[in-house]
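Chain naming here is simple, since letters A, B, ... match the order of the sequence lines and numbering starts at 1 in each.
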Amino acid sequence: MDFYRRMAVIGDHIPYGKVATYGQIALLCGKPDNSRQIGYALKRGKAGEDFPAHRVVSGQGNLSGAAAFATPTLQKSLLEKEGVWVNEEGKVDLKKFRWQHTMAEALAFNKIFESNNI
DNA sequence: TAGGTGACGCGGT
DNA sequence: CACCGCGCCACCT
């Protein structure tokens, strides 16, 4: 199974104006313990150019920080542009803005993985 | 080949 | 709240 290709599929479905956590994406990829690999993949562009990296935050709602983007405030501005509030600490309220993916969506991803053999 | 390092997460102290 | 420790694993030294 191709973790990064699965990740790219998920990235296509993270809704505009919502965020997903590393762990959530790892889970949807079928590897619940591989949250570290999500960060690694984003850093190296392994999930493709189209992946909405700015919509990925930690399990506590923290943005990735200055190092991960071209400018220290890029992720924040990208999120705010889509209506996601980011507080002074560089954190988003997950209760409000986390992508609440449904079980049906998770199953749909599995079907996509299956039919594409990834 | 062994050991260290992360855009992480969870549990414990 | 802060700071461990551990699991995880692709990639470096």
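- Atom CZ in Phe3(A) sits roughly 14 Å away from atom P in dC8(C) (whole-Å rounding).
- The interatomic distance linking Gln60(A) (CD) with dC10(B) (C1') rounds to 9 Å, in whole Å.
- Sorted by first then second residue, the salt bridge (charged side-chain N to carboxylate O under 4.0 Å, His left out) pairs that include residues 106-118 of chain A, not counting sequence neighbours, number zero.
- If you measure from atom OH of Tyr22(A) to atom C1' of dC8(C), you get 16 Å, rounded to the nearest angstrom.
- Contact annotation for Ala26(A): no contact, since no heavy-atom pair falls under 4.0 Å across all strands.
- In secondary-structure terms, DNA chain C builds stems of at least 3 consecutive Watson-Crick or G-U pairs, each pair having both distances under 3.5 Å, at B:2-6 with C:9-13, B:8-13 with C:2-7.
- The hydrophobic clustering, which links ILVMFWY residues whose side-chain heavy atoms are closer than 4.5 Å, places Leu27(A) and Phe3(A) apart.
- Pairing each heavy atom of Asn116(A) with each of Arg5(A), the nearest pair is O-NH2, 3.7 Å.
- Within the structure, salt bridge (charged side-chain N to carboxylate O under 4.0 Å, His left out) pairs that include any residue of residues 65-80 of chain A comprise Lys76(A)-Glu80(A) (at least two apart or interchain).
- Lys31(A) places its NZ atom 17 Å from the C1' atom of dG9(B), with the value rounded to the nearest Å.
- A side-chain donor-acceptor contact under 3.5 Å links His101(A) and Gln24(A).
- Sorted by first and then second residue, the salt bridge (charged side-chain N to carboxylate O under 4.0 Å, His left out) pairs involving residues 86-99 of chain A (not counting sequence neighbours) form an empty list.
- For the contact set between residues 9-20 of chain A and DNA chain B, defined by any heavy atom under 4.0 Å, there are no members.
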Report the C-alpha distance between Tyr40(A) and Asn34(A) in whole Å, list the side-chain angles of each, state the deciding distance to 0.1 Å, and finish with yes or no for side chain to side chain contact (heavy atoms under 4.5 Å, CB included). CA-CA 10 Å; Tyr40(A) 172 80; Asn34(A) 284 26; over 6 Å; no
What nitrogen or oxygen pairs link the protein and nucleotides 4-6 of chain C at under 3.5 Å?
none

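- Nearest heavy-atom pair, Gly11(A) versus Phe51(A), reported as atom, atom and distance to 0.1 Å: CA-CE1, 3.4 Å.
- If you check dA7(B), dG9(B), dC8(C) against the side chain of Asp33(A), the one that comes closest is dC8(C).
- At most 12 heavy atoms of other shown residues, nucleotides or ligands fall within 6.0 angstrom of atom CG in Asp50(A).
- Taking atom CD on Gln37(A) and atom C1' on dC11(C), their separation rounds to 10 Å, with Å as the unit.
- Val92(A) belongs to a hydrophobic cluster whose other members, connected by ILVMFWY side-chain contacts under 4.5 Å either directly or through intermediates, are Val19(A), Val57(A), Leu63(A), Leu79(A), Val84(A), Trp85(A), Val86(A), Leu94(A), Phe97(A).
- The side chain to side chain donor-acceptor pair (under 3.5 Å) pairs that include a residue from residues 52-61 of chain A are His54(A)-Glu82(A), Arg55(A)-Glu82(A), where partners are two or more places apart or lie in different chains.
- In this structure, OG1 in Thr21(A) is found 12.0 Å from CG in Asn62(A), a value given to the nearest 0.5 Å.
- Straight-line distance from the CG atom of Leu79(A) to the P atom of dA7(B): 18 Å, rounded to whole Å.
- The shortest heavy-atom contact between Ala8(A) and Ala47(A) is CB-O, 3.4 Å.
- Only at 4.0 angstrom or more do the heavy atoms of residues 83-98 of chain A sit from any atom of DNA chain C, so none qualifies.
- DNA chain C is contacted by Tyr40(A), Arg44(A), Lys46(A) of residues 40-51 of chain A, taking any non-hydrogen atom closer than 4.0 Å.
- Grouped with Leu74(A) in one hydrophobic cluster are Phe69(A), Leu78(A), the linkage being side-chain heavy-atom contacts under 4.5 Å among Ile, Leu, Val, Met, Phe, Trp and Tyr residues.
- The residue among Tyr4(A) and Ser35(A) whose nearest nucleotide of DNA chain C is located toward the 5' end is Ser35(A).
- Residue Leu27(A) contributes atom CG, which lies 14 Å from atom C1' of dC10(B) at whole-angstrom precision.
- With Asp2(A) contributing its side chain and Tyr4(A) its backbone, the two residues share a donor-acceptor pair below 3.5 Å.
- Scanning for ring pair (Phe, Tyr, Trp, His ring centres under 6.0 Å) contacts around Phe113(A) gives an empty result, with sequence neighbours left out.
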